[in-house]
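Taking it in order: structure first as structure tokens, then the write-up.
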Amino acid sequence: MAKIGFIGLGAMGRHMSSNLIKAGHELKVYDLMQPAVDELVAKGATAAANAKEAATGVDVVITMLPNSPHVEAA
């Protein structure tokens, strides 16, 4: 299975991340809202301290952010 960095755990990102964990992928997650990160960690993800850390040492990075400026900043 893949090692995935996931940045953005809002309404869509949280559910997508949960499904990836259920499918057996290894997730490293980051979000500005710590409760969202904590929820995914409880399901088996690893918390990243920032977006750069979430994108380091993984096979693929998924961003689920509101718009282009947020993606560019990440």
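- Crowding of Glu39 atom CD: a count of heavy atoms from other residues, nucleotides or ligands under 6.0 Å exceeding 12.
- Within the model, atoms CG of Asp31 and CE of Met64 stand 12.0 Å from one another, a figure rounded to the nearest 0.5 Å.
- Exactly one residue among Leu40, Ile7, Leu9 makes a side chain to side chain contact (heavy atoms under 4.5 Å, CB included) with Tyr30. That residue is Ile7.
- The cluster map of Ile, Leu, Val, Met, Phe, Trp and Tyr, joined by side-chain heavy atoms under 4.5 Å apart, puts Met16 and Val41 in the same cluster.
- Of all heavy-atom pairs between Val37 and Ala47, the closest is CG1-CB, 3.6 Å.
- Taking hydrophobic clusters as Ile, Leu, Val, Met, Phe, Trp and Tyr residues chained together by side-chain heavy-atom distances below 4.5 Å, Ile62 shares a cluster with Val29.
- How far CD1 of Ile21 is from CE of Met1: 13.5 Å, rounded to the nearest 0.5 Å.
- A pairwise comparison of heavy atoms in Ala36 and Arg14 identifies CB-NH1, 4.0 Å as the closest pair.
- A donor-acceptor pair under 3.5 Å links the side-chain atoms of Lys28 to the main chain of Thr56, judged by distance alone.
- Atoms NE2 and CZ, on His25 and Phe6 in that order, are 11.5 Å from each other to the nearest 0.5 Å.
- Counting all heavy atoms, side chain and backbone alike, Lys43 lies closest to Ser18 at NZ-OG, 2.9 Å.
- Atom CD1 of residue Ile4 and atom CG of residue Asp59 lie 8.0 Å apart, to the nearest 0.5 angstrom.
- The number of heavy atoms from other shown groups lying within 6.0 Å of NZ (Lys3) does not exceed 12.
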